[in-house]
Every structure is written in structure tokens, then in C-alpha cells.
Amino acid sequence: MFSAKSYDREYFNKSNETYKHELTYYDASLNSHTATLAQGFDGVCVFVNDDLAKETISKIADGGIKVIALRCAGFNNVDLAAAHDHSIKVVRVPAYSPQAVAEHAAALILTLNRKTHKAYNRVRENNFSLEKLTGFNLYGKTVGVIGTGTIGAAFCRIMLGFGCKVIAYDIFESDALKQEGVEYVGLEKLFELSDIISLHCPLTPETRHLIDKNAFAKMKKGVMVINTGRGALIDTTDAIKALKEEKLGYLGIDVYEQETNIFFRDLSEIIMQDEIFARLMTFPNVLVTAHQAFFTGEALEQIANVTLKNCSDFENNSPLENEVKFNG
Ligand code: NAD
């Protein structure tokens, strides 16, 4: 297991009491330089920022790897064609507590809107002033949801609960959500009508930089954009421009395009080299969390159980219900 943190070890060790695989944990992330660490194992278990490009896959294949077990839902970091060429199976955890991510998106909205992060600090310094803490009611606002799969659907239901009008865009429309009050619209209409836009689609060549200067141009002035999907759904440079022009009123992101070299580690004593990230940190209306939307006990338990079951299914030649297939 690459990129293994203390919480991975804790939850996987517990779940492995049932599945009884031989687990070896590495702090290092998997990339073409560390691929040799996988030599002699049957499978690798990886997370969102491990780099399984063609070169890495070729090296782990040479080392005997037969299965890549992603302990996450997204698989944009895996070259599926290369895995296919080397007859390596790819399995993932398609849904682990979608509520965890949906609830975090709601937390970003509430924090940005009601400025609870600022209020917390003020009150601790005996500053009880309400100056500049004005928020807005969510009730009655229009929320645009892009991607209404498992997480997007959970998020729609939360926002319906707040009394918001929920509009959505997806290449597949959900009848169940329509019945619950979600209205599907075209992407342009969603940009035009939404007070808040939340991204829950996967990162694909079609969705890369879905939110760019053209999209911002169509949005309402002061719009709030929330991204718990993948960083590259947003063109961050364009977002910074839109923030400077005060077109983008609030930006809440749990994912960042260049997060690979930043997130999941303590860099508090290191000089930040990423100028774009550093600029983002200067805006009072930007809130960044470091890819923690999934991070609940319930989700970690499910991730460990499903990942280890995926490995057992592979070992036993059982059907791989969570296989990511190459459609080449
Ligand atoms: P899902 O597959 O259930 O749903 C994705 C939805 O997006 C589907 O309904 C699909 O039809 C839709 N979609 C695909 N292409 C689209 C397009 N071009 N335009 C609009 N919609 C499109 O996936 P999910 O479990 O809901 O997860 C969504 C994404 O959230 C994942 O791909 C992953 O990148 C991200 N995620 C982030 C975290 C986190 O901790 N921040 C955790 C889990 C997942």
C-alpha cells in the first residue's frame, strides 16, 4: 500500500482481520521512481495522488503486479490503456459514504456563507463584533449541481432540505431526483441561474477546466463555486481572475489542480513554491480544505472493507464487481 497514512493502517489492519491478506505499508507515493518498491507483490493499493501513468504501470507490471486496487472512487490518475496492455486489473471503491463528501460540500457552503471560521477566531479573542460577518439565507436560493451520481444525488437532497431550488446538469438524468424536485437544465442555463454551483462529476477530458473564464462569464455576479470533485474541473488561474473582478463571490474547494505536491502532508515549515495556491490563500472569500471531504470514520471503514474484498475477489477469480474497465 502506497501513500499509507496512520488512519489507513488503522482501518485496513482492522478490516484485514476478516480478509487476511499480507499487507505492506509504504509512506511513499507510487510513481515511476518508487515503482520498484512494488517488486514481488501481487497487487498495489493506491490513493488519489499516486501517479499510475504509463511508465509506472510498465514498471510495476515488470515487478509482477497483477492488480491495482484504488482505495478511492476517482481513477483519473490511472492510465487504463497501459494497465489493459499489461493485463493488470484495476478495481476501485465506487461509493464509500457519498454522504461524507456531500456533507463536506455543505460544510464549505455554510462556512463561506456564515463565516464561522472567522467568528470562531474572533470570539476566542473576545471580539464580539458582527462587522463583516453578514451572510445570506440558503432558503430559496438556486443551487446548481453538476454531476448527480451517488455524491451529487446526496448533495441535491441536502440542499432540498435547506429549502433551496436545486437545478442540475448531468449526461444521465435521474428520474428519482426529478421526482424529489430536482430540475435538469443545460449547462449554460445552470451557470446563468445558480447562486451556488457545486461540482460532483468525474474528471475526464470533457470535464477538464469545465469551470473556466467562459463559464465564469455566464455566471451571476457574486456566485459561490464549490468543488469537492477533482481540482482540474476548475481552471484555477481563471478562478483567480474572476475573484479579482469580484464576479466569483466565494470559492470553496477541497481539491486543487496541483494538489499532488501539496496535500496530505505537513508543509508548515516549508516555503510555498506554488504561486497560484499562494495567491488563492490571500482571498478572504476562498476556503480550501486538503481533500478531506471523504474523511469520516464510516467512509474509512467502508474503503478498507471494499478494497480488501476487491483483492479477495481477484485472488479467488470471482467476478470483479468494482472493476474499472478500459473502453479502448
Ligand atoms: P458517480 O460516478 O456516482 O457520479 C458521477 C456523475 O457525473 C454521474 O452521474 C455521471 O453521469 C456524471 N458525469 C459524467 N460526465 C459528466 C459530464 N461531462 N458532465 C456532467 N456530468 C457528468 O461518482 P461519485 O461517487 O458521485 O463521485 C463524483 C466525483 O467526486 C468522483 O469522480 C471523484 O472525482 C470525486 N470524489 C471526491 C472525493 C473527495 O474526498 N473530495 C471523494 C470521492 C469522490
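Position 1 is the first residue of the sequence; numbering continues from there. Ligands are counted one by one from 1 in listed order, and the atoms in each one are counted from 1 as well.
- Atom NZ of Lys241 has 12 or fewer neighbouring heavy atoms from other residues, nucleotides or ligands inside a 6.0 Å radius.
- Here the heavy atom of the protein found nearest to atom 33 (C) of ligand 1 is Arg230 NH1, 3.6 Å.
- Judged by the shortest distance from any of its heavy atoms, Pro94 lies inside the 4.0 Å radius around the atoms of ligand 1.
- When the shell of 6.0 Å around NZ of Lys178 is examined, it contains more than 12 heavy atoms from other residues, nucleotides or ligands.
- When non-hydrogen atoms are compared, ligand 1 lies under 4.0 Å from the backbone of Thr150 as well as from its side chain.
- Partner of Tyr120 under the side chain to side chain donor-acceptor pair (under 3.5 Å) criterion, out of His117, Arg122, Arg124: Arg124 alone.
- Only side-chain heavy atoms of His291 come within less than 4.0 Å of ligand 1; its backbone N, CA, C and O stay farther off.
- Where the criterion is an N or O separation shorter than 3.5 Å, residue side chain and backbone included, Gln292 fails it with respect to ligand 1.
- Close N/O approach between Phe294 and ligand 1 is found [any backbone or side-chain N/O within under 3.5 Å].
- Between Lys14 and Glu301 there is no salt bridge, since no side-chain nitrogen of the basic residue lies less than 4.0 Å from a carboxylate oxygen of the acidic one.
- Here the protein heavy atom with the shortest distance to atom 7 (O) of ligand 1 is Pro202 CD, 3.3 Å.
- Residue contact annotation: Leu203 has no non-hydrogen atom under 4.0 Å from ligand 1.
- In terms of polar-atom proximity, defined here as any N/O pair under 3.5 Å, Glu206 makes no such contact with ligand 1.
- Given atom 28 (C) of ligand 1, the protein heavy atom at minimum distance is His200 O, 3.3 Å.
- Residues Phe283 and Met272 share a single hydrophobic cluster, defined by chaining ILVMFWY side chains whose heavy atoms lie under 4.5 Å apart.
- Residue Glu188 places its CD atom among 12 or fewer non-hydrogen atoms of other residues, nucleotides or ligands, all under 6.0 Å distant.
- Checking Thr289 against Asp254 by side-chain atom types alone, a donor-acceptor pair falls below 3.5 Å.
- Atom 2 (O) of ligand 1 is never approached by the protein to below 4.0 angstrom, counting heavy atoms only.
- Of the charged side-chain nitrogens involved, at least one lies within less than 4.0 Å of a carboxylate oxygen, so that Glu257 and Arg208 count as a salt-bridged pair.
- A donor atom on one side chain and an acceptor atom on the other are found under 3.5 Å apart for Asp170 and Thr148.
- When non-hydrogen atoms are compared, ligand 1 lies under 4.0 Å from neither the backbone nor the side chain of Asn76.
- Contacts between Ile151 and ligand 1 below 4.0 angstrom, taking non-hydrogen atoms only, involve backbone and side chain alike.
- When only modelled atom types and interatomic distance are considered, Asp266 and Ser268 share a side-chain donor-acceptor pair under 3.5 Å.
- Taking atom 22 (C) of ligand 1 as the reference point, the nearest protein heavy-atom neighbour is Cys201 CB, 3.7 Å.
- Nearest to atom 15 (N) of ligand 1 among the protein's heavy atoms is Ile171 CD1, 3.5 Å.
- Annotation: Lys66, atom NZ; neighbour count of heavy atoms from other residues, nucleotides and ligands within 6.0 Å is above 12.
- Using a 4.0 Å cut-off to heavy atoms of Thr207, the atoms of ligand 1 that qualify are 17 (C), 18 (N).
- The proximity of Phe295 to ligand 1, defined as any non-hydrogen pair under 4.0 Å, does not occur for either the backbone or the side chain.
- In this structure, Lys141 places its NZ atom where more than 12 heavy-atom neighbours from other residues, nucleotides or ligands lie under 6.0 Å away.
- The distance criterion of under 3.5 Å between nitrogen or oxygen atoms is met by Asp254 with respect to ligand 1.
- For ligand 1 and Tyr96, the ligand atoms under 4.0 Å from any heavy atom of the residue are 42 (C), 43 (C).
- In this structure, Gly229 counts as a contact residue of ligand 1, since one of its heavy atoms falls inside 4.0 Å of the ligand.
- Ring-plane geometry between Phe277 and Phe263 is classed as perpendicular, the angle between the planes exceeding 60 degrees on a 0 to 90 degree scale with a lower cut at 30.
- Between Asp170 and ligand 1, a contact under 3.5 Å exists for at least one N or O pair.
- Atom 38 (C) of ligand 1 has Thr228 O, 3.7 Å as its closest protein atom, hydrogens excluded (heavy atom only).
- Looking at atom 20 (C) of ligand 1, its nearest protein heavy atom turns out to be Tyr169 CE2, 3.5 Å.
- You'll find the ring centres of Tyr25 and Phe12 outside the 6.0 Å limit.
- Short contacts between ligand 1 and Phe172, defined as distances under 4.0 Å to a heavy atom of the residue, involve ligand atoms 11 (O).
- Remark: ligand 1 and Gly149 share an N or O pair separated by less than 3.5 Å (distance only, no angle test).
- Short contacts between ligand 1 and Gly147, defined as distances under 4.0 Å to a heavy atom of the residue, involve ligand atoms 7 (O), 21 (N).
- The residues Asp27 and Arg9 are annotated as salt-bridged, a charged nitrogen and a carboxylate oxygen being separated by less than 4.0 angstrom.
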